[in-house]
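Everything below concerns the one structure shown next.
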Protein chains: 2
Amino acid sequence: MKIQIDLRSDIPVTSQIVTQIQQSLSTGTLKPGDQMPTVRALATELRVNFNTVARAYRVLDECGIISTQQGRGTFIMEQPPPEASSALRREALSTLARRYLEESQRLGFNAEESAQALEDEMEKK
Amino acid sequence: MKIQIDLRSDIPVTSQIVTQIQQSLSTGTLKPGDQMPTVRALATELRVNFNTVARAYRVLDECGIISTQQGRGTFIMEQPPPEASSALRREALSTLARRYLEESQRLGFNAEESAQALEDEMEKK
DNA sequence: TGTATCATTGTATACTTGTATCATTGTATA
DNA sequence: TATACAATGATACAAGTATACAATGATACA
């Protein structure tokens, strides 16, 4: 994978990294499952701070393009399957919800406590 | 014992292991006196470093839920102290909640929709 | 029976990798 | 000039991995 950074450009380094990784993906230079270089490795290669690479990786992560895992590395994601029908997605969601209820019940919590725990997690993020 | 690890999750692998072992215990899949798989065996099964499993075992050990003995193996304790593990139960619940949020997000639903779906399931009952 | 030897199991420690937080730098604008 | 903001850098941290080690068990053999 070849990434060219122009430090004098008006385009932020982070954006340059993001776009070029996306390009490598669309040209097939990068394939799903591939491991990306570590933030530090790519950073020294590009003569840039590793936090800058980390930020670029995070952007791509939030788009679901790569998956970064602390302590392990970052990987190209499998491309998500075409959108299922909305009815199916709805069904899947309610299955998830029911499973959540059942599992927390097994741990000895009632429905209200489960709902409260969910609220708490929503706050945290 | 079936343990499912999601490497893409924000939840640390160690926590995932702890929570799921506790669940197996609460569902009766694991019983007092049972021998757990060795750290290496479970690690290769989950495709994870065995130190990660060892750390999960240590957490459970410190809560008095399992007993790990160097050179022998690790076993489920006879008397899982109900109140000693209350902090763990709490953590297990929040892990379940986060997991529910993450999985529904992957389906394309936001936090509010996930919460609403949970309410709906609670009504049904 | 004792013990030598090796395999198995958990432990300790250092290293790798990404994250969080704050400081620094440059630039636009009042 | 002064202030605010965005981009980048520095530092400490969290999570996972690799490797060497110690304790226990199994087996063979004198």
Side-chain angles (χ1 to χ4, degrees), chain A residues 1 3-21 33-77 123-125, chain B residues 1 3-21 33-77 88 91 94-95 98-99 102:
Chain A
M1 184 183 47
I3 292 188
Q4 295 284 341
I5 296 301
D6 183 357
L7 291 176
R8 286 163 307 193
S9 166
D10 284 344
I11 307 169
V13 177
T14 305
S15 310
Q16 294 187 48
I17 298 175
V18 169
T19 13
Q20 294 198 40
I21 288 176
D34 283 358
Q35 175 163 14
M36 299 287 298
T38 70
V39 291
R40 284 173 178 79
L42 186 54
T44 52
E45 182 184 329
L46 303 181
R47 299 170 197 281
V48 153
N49 187 277
F50 70 82
N51 279 297
T52 305
V53 177
R55 284 186 195 100
Y57 278 8
R58 171 145 23 150
V59 172
L60 291 163
D61 190 331
E62 282 166 359
C63 296
I65 293 178
I66 66 180
S67 158
T68 90
Q69 299 157 29
Q70 184 168 350
R72 311 194 86 213
T74 90
F75 306 84
I76 310 280
M77 291 285 278
E123 301 272 323
K124 278 191 201 168
K125 271 273 157 166
Chain B
M1 184 183 46
I3 292 188
Q4 295 281 343
I5 296 300
D6 183 357
L7 292 175
R8 290 169 309 178
S9 169
D10 284 343
I11 307 166
V13 176
T14 303
S15 307
Q16 295 187 47
I17 298 175
V18 168
T19 301
Q20 295 197 40
I21 287 176
D34 283 358
Q35 175 162 16
M36 299 287 298
T38 70
V39 290
R40 285 173 177 79
L42 186 53
T44 51
E45 182 183 329
L46 303 181
R47 299 170 198 279
V48 152
N49 187 276
F50 69 82
N51 280 296
T52 304
V53 177
R55 271 193 278 274
Y57 278 8
R58 175 150 11 156
V59 172
L60 292 164
D61 190 330
E62 283 166 358
C63 294
I65 292 178
I66 65 181
S67 158
T68 93
Q69 299 155 30
Q70 183 169 350
R72 311 198 69 214
T74 91
F75 306 85
I76 310 281
M77 291 289 272
L88 263 194
E91 188 181 329
S94 91
T95 299
R98 277 180 75 178
R99 199 182 176 104
E102 285 179 356

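When reading the values below, keep in mind they use all heavy atoms of this one structure, side chains included, and skip hydrogens, waters and symmetry mates. Letters A, B, ... mirror the listed sequences (proteins, then strands); counts begin at 1.
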Looking only at heavy atoms, which two atoms of B:S9 and B:E102 are closest? And how far apart? OG-OE1, 2.7 Å
Could you pull out the closest heavy-atom pair between B:T68 and B:D61, with the gap in Å? N-OD2, 3.2 Å
A:D6 CG to A:I11 CD1 distance, which is reported to the nearest 0.5 Å: 8.0 Å
Looking at CZ of A:F50 and CZ of A:R55, how far apart are the two atoms once the value is rounded to the nearest 0.5 Å? 10.0 Å
Mind listing the N/O atom pairs, protein and nucleotides 17-23 of chain D, below 3.5 Å?
from   : atom 1 : to    : atom 2 : distance (Å)
D:dT17 : OP1    : A:R72 : NE     : 2.6
D:dT17 : OP1    : A:R72 : NH2    : 2.8
D:dT17 : OP2    : B:N49 : N      : 3.0
D:dT17 : OP2    : B:T52 : OG1    : 3.2
D:dA18 : OP2    : B:N49 : ND2    : 3.3
D:dA18 : N7     : B:N51 : ND2    : 3.0
D:dA18 : N6     : B:N51 : OD1    : 3.4
D:dA18 : N6     : B:N51 : ND2    : 2.6
D:dT19 : O4     : B:N51 : ND2    : 3.2
D:dA22 : N3     : B:Q70 : NE2    : 2.6
D:dA23 : O4'    : B:Q70 : NE2    : 3.3

Interatomic distance, CD1@B:I66 vs CG@B:L60, rounded to 0.5 Å, equals 4.5 Å
Residue set satisfying side chain to side chain donor-acceptor pair (under 3.5 Å) with B:R72, at least two apart, ordered chain then number -> B:Q69
For a 4.0 angstrom threshold against heavy atoms of chain A, report the outermost contacting nucleotides of DNA chain C in 5' to 3' order. C:dT17 to C:dA20
Please give the stem ranges for DNA chain C, sorted by first residue number, where a stem is three or more consecutive Watson-Crick or G-U pairs and both donor-acceptor distances are under 3.5 Å. C:1-30 with D:1-30
Nearest 0.5 angstrom please: B:R58 CZ to B:C63 SG, how far? 13.0 Å
DNA chain C contacts made by residues 11-19 of chain B, counting heavy atoms under 4.0 Å: none
Sole residue of B:R98, B:Q20, B:E91 in side chain to side chain contact (heavy atoms under 4.5 Å, CB included) with B:S15: B:E91
Figure out the CZ/C1' separation between A:F75 and D:dG16, and round it to whole Å. 11 Å
As an exercise, state the distance from CG of A:L46 to CD1 of A:I5, rounded to the nearest 0.5 Å. 5.0 Å
Side chain to side chain donor-acceptor pair (under 3.5 Å) contacts in which one or both residues fall within residues 38-54 of chain B, not counting sequence neighbours: B:N49-B:N51
Could you walk me through whether A:V59 and A:I17 pass the side-chain contact (heavy atoms from CB on, under 4.5 Å) check? CA-CA 10 Å; A:V59 172; A:I17 298 175; over 6 Å; no
What I'd like to find out is whether the side chain of A:M77 reaches to under 4.5 Å of the side chain of A:I65, using heavy atoms alone. no
